[in-house]
4 protein chains.
Amino acid sequence: MKRNTDKYQQILTAAIRVFAHRGFSQSTISQIAQEAGVADGTIYLYFKNKDDILVQFYERMTEIVSNRFWEAVNAGKTAVDQLYNLIHAHLALFQSEPFGAIVYQGETHLQWRLVQEPIRQMSKMYRDVITRIVDQGQKEGTIRGDLYVGLVKRLINGAVDEVINTWIHTGRDHDLAAMAEPLVNLFIQGIGTPQGQKGVSPTPLKSINEINAVT
Amino acid sequence: MKRNTDKYQQILTAAIRVFAHRGFSQSTISQIAQEAGVADGTIYLYFKNKDDILVQFYERMTEIVSNRFWEAVNAGKTAVDQLYNLIHAHLALFQSEPFGAIVYQGETHLQWRLVQEPIRQMSKMYRDVITRIVDQGQKEGTIRGDLYVGLVKRLINGAVDEVINTWIHTGRDHDLAAMAEPLVNLFIQGIGTPQGQKGVSPTPLKSINEINAVT
Amino acid sequence: MKRNTDKYQQILTAAIRVFAHRGFSQSTISQIAQEAGVADGTIYLYFKNKDDILVQFYERMTEIVSNRFWEAVNAGKTAVDQLYNLIHAHLALFQSEPFGAIVYQGETHLQWRLVQEPIRQMSKMYRDVITRIVDQGQKEGTIRGDLYVGLVKRLINGAVDEVINTWIHTGRDHDLAAMAEPLVNLFIQGIGTPQGQKGVSPTPLKSINEINAVT
Amino acid sequence: MKRNTDKYQQILTAAIRVFAHRGFSQSTISQIAQEAGVADGTIYLYFKNKDDILVQFYERMTEIVSNRFWEAVNAGKTAVDQLYNLIHAHLALFQSEPFGAIVYQGETHLQWRLVQEPIRQMSKMYRDVITRIVDQGQKEGTIRGDLYVGLVKRLINGAVDEVINTWIHTGRDHDLAAMAEPLVNLFIQGIGTPQGQKGVSPTPLKSINEINAVT
DNA sequence: TATGAATGAGCCTTCATTCAT
DNA sequence: GATGAATGAAGGCTCATTCAT
């Protein structure tokens with residue numbers, strides 16, 4: 001089970017490409033082997049079984065993503081800068097690894113049991129990052145004080161994911177990273193006008209803690 | 001191939017329950033037959049093949065969702081009301097049909113080729129709905145004028161999906177529909193403070209049309 | 001998992017024939033299916049897996065053998081009659097089921113883990129039968145009193161098995177059951193002459209109980 | 001294909017140990033290589049293929065057994081002594097080489113085609129040894145004159161094998177060689193009493209030659 | 001000589017689909 | 001219409017064997 005060799009990378013990359021095209025469950029070892037230019041049996045010298053390929057991918061992806069995201073946030077001075085950096089890093093990473101992006105977005109729900117752990121880590125990391133940004137912004141006075149971070153995380157994460165998914169399903173022909181700026185603008189300002197927002201309740205929810213506890 | 005009979009519904013419902021638990025690719029006709037209380041062969045009297053079950057589900061779901069969403073929007077007076085009604089209808093529907101929600105959210109990416117058409121319709125419908133709301137809000141002066149509707153649609157759709165996914169993965173133990181209000185608040189107001197937003201560019205993107213064209 | 005149907009028997013019989021020719025481990029499901037005239041998949045409607053075929057065979061065999069042997073012994077009046085009946089029943093049964101005999105004799109040692117339980121039962125039954133005969137003979141005064149039944153069982157069982165094995169490996173061209181009489185004669189009289197036996201120690205072993213305890 | 005080197009022995013010994021634990025068919029070259037502390041490929045420098053390992057083992061075993069058995073018999077003065085020496089040598093040898101014993105006993109039937117030749121030699125040698133002993137005993141007047149040597153060989157060989165098998169399957173925890181004496185006693189005297197044997201026919205079989213010819 | 005990475009044929013098993021009843 | 005036994009193609013995985021180093 002030699003890992004971190006050239007052939008390991010070669011197979012992993014090929015596998016992700018195949019998974020991206022046919023989905024994990026519909027992909028076969030033979031297809032991966034062919035894509036990687038090795039024999040079927042060779043795959044089992046580097047991966048325990050088919051599931052293991054996906055797990056390895058998620059673990060690596062989680063690590064890479066985590067590093068990139070924290071770097072991005074740390075490089076920002078103001079909360080808004082940090083948010084922008086985060087979104088931009090997210091979009092740029094997935095744009096540079098479109099197959100990885102497709103697999104990551106697609107299999108997360110279906111192979112939940114398999115990749116639960118990396119996904120949980122990723123989710124927690126994302127929440128921590130958002131928490132950091134919100135805290136900073138609240139100190140600066142640029143971010144509202146009455147926010148449930150869990151929901152903000154889902155707002156941002158969900159919107160970014162959807163932008164990525166649209167990019168994937170429309171043939172990846174526009175510049176994904178360029179969406180960072182308008183996205184951040186929407187996150188910060190919302191879609192309402194200042195005057196219109198007077199009528200919008202500041203959502204005095206009863207069970208703030210309960211909701212916050214969810215994620 | 002009689003559709004719209006009791007047995008048809010019985011099988012479709014059973015299939016969705018099974019798909020929700022094991023994923024489409026990992027579900028077998030036998031499991032569905034057992035869950036539905038019919039023989040394996042009977043399924044082929046109502047569905048062309050396994051794929052057809054999923055396609056039928058997506059088509060029905062799309063139709064139902066479409067009706068509900070337009071109803072919801074039409075019932076709102078102001079743009080904000082309409083948006084709230086839309087989000088609430090979305091969350092409430094998926095809360096009342098958790099298995100359908102799981103399948104819908106999970107298989108959309110993976111079975112893309114299979115369900116492309118209903119998904120496109122759904123996406124277009126969602127965009128139309130959002131367009132209507134935004135138009136109305138802009139007339140009212142409650143929604144900003146400088147918005148790219150495609151991106152707003154992805155913001156809202158993505159955030160709602162993420163809220164639903166979190167609900168699914170945390171055991172469906174909190175009230176999903178109750179998230180409508182805080183979500184709408186975030187969409188309208190954003191997470192920034194009025195004063196802080198002075199420094200945020202109104203995103204004078206060059207390629208508005210290009211981006212808008214995407215979805 | 002329908003058992004006791006015609007097709008079940010058909011497959012089991014075919015499997016034993018194949019196992020007899022190539023050995024269990026070297027036999028393939030496809031070979032069995034072909035021999036039985038069914039599709040590969042059909043086998044799995046009647047057997048859990050390949051191992052299960054062998055286990056089923058051993059369980060059935062053990063039951064049949066057990067019944068036949070007790071019947072045979074019960075039909076004998078004197079101990080010598082009973083022993084003859086036992087040996088004859090054993091040889092006749094295996095002669096009538098040569099493939100079963102080959103598999104039974106051949107796989108017992110190698111698939112020990114798999115068929116441990118039926119083999120233990122069979123071994124215990126054999127020992128019980130021998131015990132019964134020896135007891136009866138000792139009462140009659142026709143069987144020596146200084147015997148360790150466990151060893152007698154191994155003597156008889158081993159000799160009969162070897163006779164069967166020789167029959168198998170020499171092409172099954174002589175009458176196996178006819179060997180019962182000379183075999184019993186050897187068991188009873190031994191190979192020595194009455195006068196020569198004066199010099200043979202009656203084996204006053206120290207640890208009779210210990211040895212007896214073995215089987 | 002250098003044979004008789006240290007490494008050759010090392011691999012052969014390891015192979016027998018592995019075969020004893022998992023059976024020949026279930027053992028892999030990798031397991032043997034690991035047990036022997038060499039690389040997989042190295043095995044093919046000393047053995048033609050996997051089958052060849054078993055064949056080599058049987059050939060060596062046959063030679064060793066043959067030498068030991070003849071030595072044992074030659075060392076005996078009377079026929080009974082010789083028989084005792086033979087049985088004792090057999091049991092002692094297998095007790096000292098339990099893995100060899102397990103493999104020898106277990107694979108003989110299953111790998112018949114593979115090891116037919118050594119087995120035939122072994123069987124012939126055993127028959128020759130028994131013939132010698134019987135001849136000598138008949139001259140001495142200590143062995144009955146009306147014996148079919150082939151059957152006597154099967155009686156003795158089968159009983160000894162069964163004793164060995166029982167020893168193997170009961171965890172090899174009793175002294176195998178010590179069974180020689182009671183076994184010989186049973187062979188010589190039989191299990192009947194002198195008086196009871198009056199009624200036992202001296203088996204005047206018609207087809208003595210036919211039966212004798214078998215092995 | 002020795003190694004062990006690579007190969008690919010072959011096996012067990014699953015399961016969508018068919019069809020005789 | 002309804003059944004479920006039967007099919008057989010296809011997939012994951014193993015492992016004996018080879019060969020470049």
Side-chain angles (χ1 to χ4, degrees), chain A residues 1-2 5-8 11 25-34 36-53, chain B residues 1-2 5-8 11 25-34 36-53, chain C residues 1-2 5-8 10-11 25-34 36-53, chain D residues 1-2 5 7-8 11 25-34 36-53:
Chain A
M1 204 88 356
K2 300 278 163 207
T5 66
D6 277 359
K7 201 150 268 178
Y8 173 88
I11 292 169
S25 286
Q26 313 274 16
S27 301
T28 71
I29 291 291
S30 288
Q31 287 163 355
I32 297 168
Q34 183 156 34
V38 299
D40 291 22
T42 304
I43 291 180
Y44 292 88
L45 297 176
Y46 298 91
F47 298 88
K48 225 167 54 231
N49 50 37
K50 193 184 159 192
D51 285 359
D52 190 37
I53 304 177
Chain B
M1 200 87 3
K2 296 282 167 200
T5 65
D6 275 0
K7 200 152 268 181
Y8 173 87
I11 292 169
S25 286
Q26 312 276 14
S27 300
T28 71
I29 292 290
S30 285
Q31 287 163 353
I32 296 168
Q34 182 159 34
V38 300
D40 291 22
T42 305
I43 291 179
Y44 289 86
L45 298 175
Y46 297 90
F47 297 88
K48 223 164 60 226
N49 50 36
K50 191 184 161 191
D51 286 358
D52 190 38
I53 304 177
Chain C
M1 203 91 352
K2 299 280 165 208
T5 65
D6 276 0
K7 200 150 270 180
Y8 173 88
Q10 183 181 336
I11 292 169
S25 287
Q26 311 275 17
S27 301
T28 71
I29 291 291
S30 287
Q31 288 163 353
I32 297 168
Q34 183 156 34
V38 300
D40 291 21
T42 304
I43 290 178
Y44 291 87
L45 298 176
Y46 297 91
F47 298 89
K48 228 167 53 232
N49 51 37
K50 192 185 159 192
D51 285 359
D52 190 37
I53 304 178
Chain D
M1 201 88 1
K2 296 281 168 199
T5 67
K7 202 154 267 182
Y8 172 87
I11 292 169
S25 286
Q26 312 275 14
S27 300
T28 71
I29 291 290
S30 285
Q31 287 163 353
I32 297 168
Q34 183 157 35
V38 300
D40 292 21
T42 304
I43 291 179
Y44 289 86
L45 298 174
Y46 297 91
F47 297 89
K48 224 165 58 225
N49 52 35
K50 192 184 161 191
D51 286 358
D52 190 37
I53 303 177

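When reading the values below, keep in mind they use all heavy atoms of this one structure, side chains included, and skip hydrogens, waters and symmetry mates.
- Ring geometry for Y8(B) against Y46(B) counts as tilted: the plane angle lies between 30° and 60°, on a 0 to 90° scale.
- If you take CG of D52(B) and P of dA16(E), they are 14 Å apart, rounded to a whole angstrom.
- No side-chain heavy atom of Q31(C) sits less than 4.5 Å from a side-chain heavy atom of Q34(C).
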What N/O pairs connect the protein and nucleotides 15-18 of chain F at under 3.5 Å? Give each pair on its own line.
{"unit_1": "dA16(F)", "atom_1": "OP1", "unit_2": "S27(D)", "atom_2": "O", "d": "3.2"}
{"unit_1": "dA16(F)", "atom_1": "OP1", "unit_2": "K50(D)", "atom_2": "NZ", "d": "3.4"}
{"unit_1": "dA16(F)", "atom_1": "OP2", "unit_2": "I29(D)", "atom_2": "N", "d": "2.7"}
{"unit_1": "dT17(F)", "atom_1": "OP2", "unit_2": "Y44(D)", "atom_2": "OH", "d": "3.0"}
{"unit_1": "dT17(F)", "atom_1": "OP2", "unit_2": "K50(D)", "atom_2": "N", "d": "3.1"}

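- For the pair M1(A) CE and dG4(E) P, the interatomic distance rounds to 16 Å; values are reported in whole Å.
- Side-chain contact between M1(A) and L45(A): absent, with no pair of heavy atoms (C-beta onward) separated by less than 4.5 Å.
- Look at dA20(E): its Watson-Crick or wobble partner, with both distances under 3.5 angstrom, is dT3(F).
- Using a 4.0 Å heavy-atom criterion, one finds that Y46(C) contacts the sugar-phosphate atoms exclusively.
- Per the geometry, NZ belonging to K2(A) stands 15 Å off P belonging to dT3(E), to the nearest Å.
- In this structure, the nucleotide among dT7(F), dA2(E), dG1(F) sitting nearest to the side chain of L45(B) is dG1(F).
- Nucleotide dG8(F) is matched to dC15(E) when pairs are restricted to Watson-Crick or G-U wobble geometry with both distances under 3.5 angstrom.
- Residue I11(A) holds its CD1 atom at 6.5 Å from OG1 of T42(A), rounded to the nearest 0.5 Å.
- D40(B) and I29(B) make their closest contact through O-CG2, 4.1 Å (heavy atoms, listed as atom of the first residue, atom of the second, distance).
- To the nearest 0.5 Å, the span separating NZ on K48(D) from CD1 on I43(D) amounts to 15.5 Å.
- A sub-4.0 Å separation between OP1 or OP2 of dA6(E) and a side-chain N or O of K7(A) is present.
- Residues S25(A) and K50(A) share a closest heavy-atom pair of O-NZ, 3.5 Å.
- Rounded to an integer number of Å, the gap from CD1 of I43(A) to P of dT14(F) is 13 Å.
- The separation between Y8(C) atom OH and dA6(F) atom P is 15 Å, rounded to whole Å.
- Here dA6(E) presents its C1' atom at 15 Å from CG of D6(A), a figure rounded to the nearest Å.
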